[in-house]
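The structure appears right after this line, and notes come after that.
These numbers come from the heavy atoms of this one structure, side chains and all, not from hydrogens, waters or symmetry mates.
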Amino acid sequence: MAFDSFRDFLKTLEQSGELRRIASPVATELEITEIANREMKKAGGGQALLFEQPTVNGQISPFPLAINTLGSHRRMAQSLGVNTVEEVAEELGSLMKAKPPTGFREAIKLLGTALDLRHAKPKLVRSGPCKEVIHKFEAPRARVESWPPAPDILNDLSGSDLRPPTLLNLPIQKCWPLDGGRFLTLPCVVTRDPDTGDRNLGMYRIQIYNGQTTGMHWQLQKVAARHGRRYYETGQRMPVAVFLGGDPVFTFCATAPLPDGLDEFLLAGYLRKKSVELVKCETNDLEVPANADFVIEGYIDPTEPLRMEGPFGDHTGYYSLPEPYPVFRVSAITHRKDAIYPATIVGMPPMEDFYMGSASVKLFLPIFKINFPEIVDLALPAEGVFHNLVFVSIKKTYPMQAYKIMHGLWGMGQMMFSKYIIVVDADVNVHNTSEVLFRLCANTDPQRDSIFTKGPSDVLDHATSELAVGSKLGIDATKKLPGEGFKRNWPPLIKMDESVRRKVDQLLNGSSMK
């Protein structure tokens, strides 16, 4: 199902009882965070929230703010127009099985072909709702080359011109008390490879420095960062476009772990069962969805020094501390007349991002299984904040197979950031943390069944001794086979006889037991 606008998606949520309106003014400074955090911590993720009068330093923004819109399994499925994410995963898996690939590279090529066959590629249109209001900026002010910078304009709006559109009247949050300023938390960032022309859609937080200047927090290993390095090597100005809102599938695709070079808008077209209509930006040659709510255009100048960005209360549950990142200069802002500002917060799990990450795992599990057919299921528990902790179940048929899976997963895209991988047998429900921990404690000898290795680490991981470099621990919690150093008989797991279970079921359902 394709949503024509973010507003249409919110109407769907409201009709299904998944959205609650908050009519009274609420401050974007910390207060929205506190309300949203309490909602996200409720069982099942609570409801989506629509703040009809968000305030910026006491002044009501002309744009409502919606948060936690993808923060439950049900809302995540609704955003894709299905009852469950598993439905989409099964369909995608069927497409991939039509011509089984012989290797991972072929699998990725086949994935692109499958998506393209299912729905047409994104198509360019002349205009769209995202251009109903257009504001182009004059040349930016002088560069800020020192730290700390002058006080953030958004912390003092007295006397500012709040006529839309401007970064100053978007209801941009200061999420947590020690944050270095206000941050766009759901920005879809469009960049292009200067060599191949391949487009990338990613999600990187954006700190507002002033009305026309922001930070661009794309981490070292991200595709947009690779694009940026090429522009820095050539010295050419790098075009960047940021959009917010539109069909919620765009937000999901921006976070999805697609391989480098595979267009996220192709995946979006597949998921929404309709090709994505794109429009050219006003001040650069990038393309953005025509039905987006907001578009922020600009560039990064390779000759401009990096600027300190942060701190920011991150999905790790801790603040990520200031680090130097590129400066994004805004050249234009366009938006719908009825635009709604989409936002999220991150912090101590579980949060909204847990449900988005879970959906990605379910969707791409068929791809994992093509390369590793012994995998039964895979889960990223909320406590692991995405990739710190991975549970994977396998159909084990030969010695050391669990270690093969560990090393294979560490070599796949963003799974390289996984600090702990625990492998269990096929009969374990990896989505039940208690069940996994029982097998971990019962089936392992710590020295025999553990392996340490080293590799890339998430730059947000504050525990590593060096930035972006760390160690990893894999634990084999499967039943041990001959050849794995186990010299004793492996005992059977306690289970009741199935015929007895059926008989007791009948007794409990009978009138004599009521």
Side-chain angles (χ1 to χ4, degrees), residues 121-141 143 164-167 170 184 186-218 222-246 250 253-254 260-261 263-266 268 276-304 306-307 325-336 339:
K121 292 181 179 180
K123 60 183 181 181
L124 189 64
V125 296
R126 298 190 63 178
S127 189
C130 72
K131 291 183 180 289
E132 289 175 345
V133 179
I134 298 174
H135 179 67
K136 298 180 182 179
F137 288 90
E138 298 178 358
R141 290 192 292 266
R143 300 168 183 157
T166 166
L167 290 178
L170 292 183
L184 299 176
L186 277 182
C188 298
V189 181
V190 180
T191 61
R192 182 177 291 145
D193 188 316
D195 299 317
T196 65
D198 290 341
R199 176 172 47 221
N200 183 70
L201 177 63
M203 184 168 289
Y204 321 105
R205 73 180 190 234
I206 294 177
Q207 181 177 353
I208 307 301
Y209 295 141
N210 56 44
Q212 203 176 341
T213 311
T214 81
M216 184 61 73
H217 189 276
W218 46 46
K222 302 298 184 180
V223 175
R226 181 181 67 76
H227 291 175
R229 284 192 290 274
R230 287 295 295 129
Y231 281 97
Y232 274 80
E233 290 169 359
T234 63
Q236 295 179 323
R237 180 178 285 183
M238 178 181 185
V240 179
V242 178
F243 70 89
L244 299 101
F250 302 147
C253 291
D260 192 351
D263 191 351
E264 285 79 6
F265 286 127
L266 195 61
V276 179
E277 293 187 345
L278 301 174
V279 294
K280 284 273 190 182
C281 288
E282 292 291 314
T283 57
N284 62 39
D285 63 352
L286 296 176
E287 298 156 352
V288 295
N291 70 354
D293 282 62
F294 298 92
V295 179
I296 305 171
E297 306 174 13
Y299 62 88
I300 289 173
D301 185 348
T303 66
E304 182 168 4
L306 301 180
R307 177 170 171 177
Y325 278 93
V327 175
F328 175 52
R329 296 280 173 181
V330 178
S331 55
I333 297 179
T334 72
H335 68 83
R336 308 174 69 111

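Counting all heavy atoms, side chain and backbone alike, Pro187 lies closest to Arg205 at CG-CA, 4.4 Å. Across all non-hydrogen atoms, the minimal contact from Pro239 to Asn284 is CB-CB, 3.9 Å. Nearest heavy-atom pair, Cys130 versus Pro289, reported as atom, atom and distance to 0.1 Å: SG-O, 3.7 Å. The minimum heavy-atom distance between Arg237 and Pro302, with the atom names listed, is CA-CD, 3.8 Å. In terms of heavy-atom proximity, Ala332 sits nearest to Thr283 at CB-CG2, 3.8 Å. What you find for Asp293 and Ala339 is that their closest heavy atoms are OD2-CA, 3.5 Å.
Here the CD1 atom belonging to Ile300 is positioned 7.5 Å from the OG1 atom belonging to Thr214, to the nearest 0.5 angstrom. Atom CZ of Phe328 is separated from atom CD1 of Ile206 by 6.0 Å, given to the nearest 0.5 angstrom. Interatomic distance, Ile333 CD1 to Leu167 CG, rounded to the nearest 0.5 Å: 4.0 Å. Atoms CE and NE2, from Met238 and His227 in turn, are 7.0 Å apart once rounded to the nearest 0.5 Å. Separating the CD1 atom in Ile208 from the CD1 atom in Ile296 is a distance of 6.5 Å, to the nearest 0.5 Å. Separation of atoms NZ (Lys280) and NZ (Lys131) is listed at 10.5 Å; rounding is to 0.5 Å.
A 4.5 Å side-chain heavy-atom check between Tyr204 and Lys222 finds at least one atom pair inside the cut-off. Contact annotation: the side chain of Leu286 approaches that of Arg192 to within less than 4.5 Å [non-hydrogen atoms, C-beta and beyond]. The shortest side-chain heavy-atom distance between Glu282 and Thr334 falls under the 4.5 Å cut-off. Between Tyr325 and Leu306 the shortest side-chain heavy-atom distance does not fall below 4.5 Å. The shortest side-chain heavy-atom distance between Met203 and Leu186 falls under the 4.5 Å cut-off. Side-chain contact between Cys188 and Leu244: absent, with no pair of heavy atoms (C-beta onward) separated by less than 4.5 Å. Residues Arg329 and Asp301 have side chains not in contact (no heavy-atom distance under 4.5 Å, counting atoms from C-beta outward).
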Full working for side-chain contact (heavy atoms from CB on, under 4.5 Å) between Arg226 and Asp193: CA-CA 8 Å; Arg226 181 181 67 76; Asp193 188 316; 3.0 Å; yes
Worked verdict on Phe250 versus Val276 for side-chain contact (heavy atoms from CB on, under 4.5 Å): CA-CA 9 Å; Phe250 302 147; Val276 179; 3.8 Å; yes
Working for side-chain contact (heavy atoms from CB on, under 4.5 Å), residues Cys281 and Val288: CA-CA 7 Å; Cys281 288; Val288 295; 4.0 Å; yes
Full working for side-chain contact (heavy atoms from CB on, under 4.5 Å) between Val189 and Val240: CA-CA 7 Å; Val189 181; Val240 179; 3.8 Å; yes
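Checking side-chain atoms of Arg336 against main-chain N and O of Asn291 turns up a donor-acceptor pair under 3.5 Å. Judged by distance alone, the side chain of Thr234 and the main-chain N or O of Tyr231 form a donor-acceptor pair under 3.5 Å.
With 3.5 Å as the limit, one finds no donor-acceptor pair spanning the side chains of Ser331 and Glu297.
We find that Arg230 and Asp195 are joined by a salt bridge, their nearest charged nitrogen and carboxylate oxygen being less than 4.0 Å apart.
Taking the ring centre of Tyr209 as origin, the terminal cationic atom of Arg307 falls inside the region bounded by 6.0 Å and 45° from the ring axis.
Using bins of under 30°, 30° to 60° and over 60° for the plane-to-plane angle, the ring pair Phe243/Phe265 lands in the parallel bin.
Residues Phe294 and His335 place their aromatic rings such that the two centres sit under 6.0 Å apart.
Among Glu287, Arg199, Glu277, Glu264, the one residue that satisfies the side chain to side chain contact (heavy atoms under 4.5 Å, CB included) test with Pro122 is Arg199.
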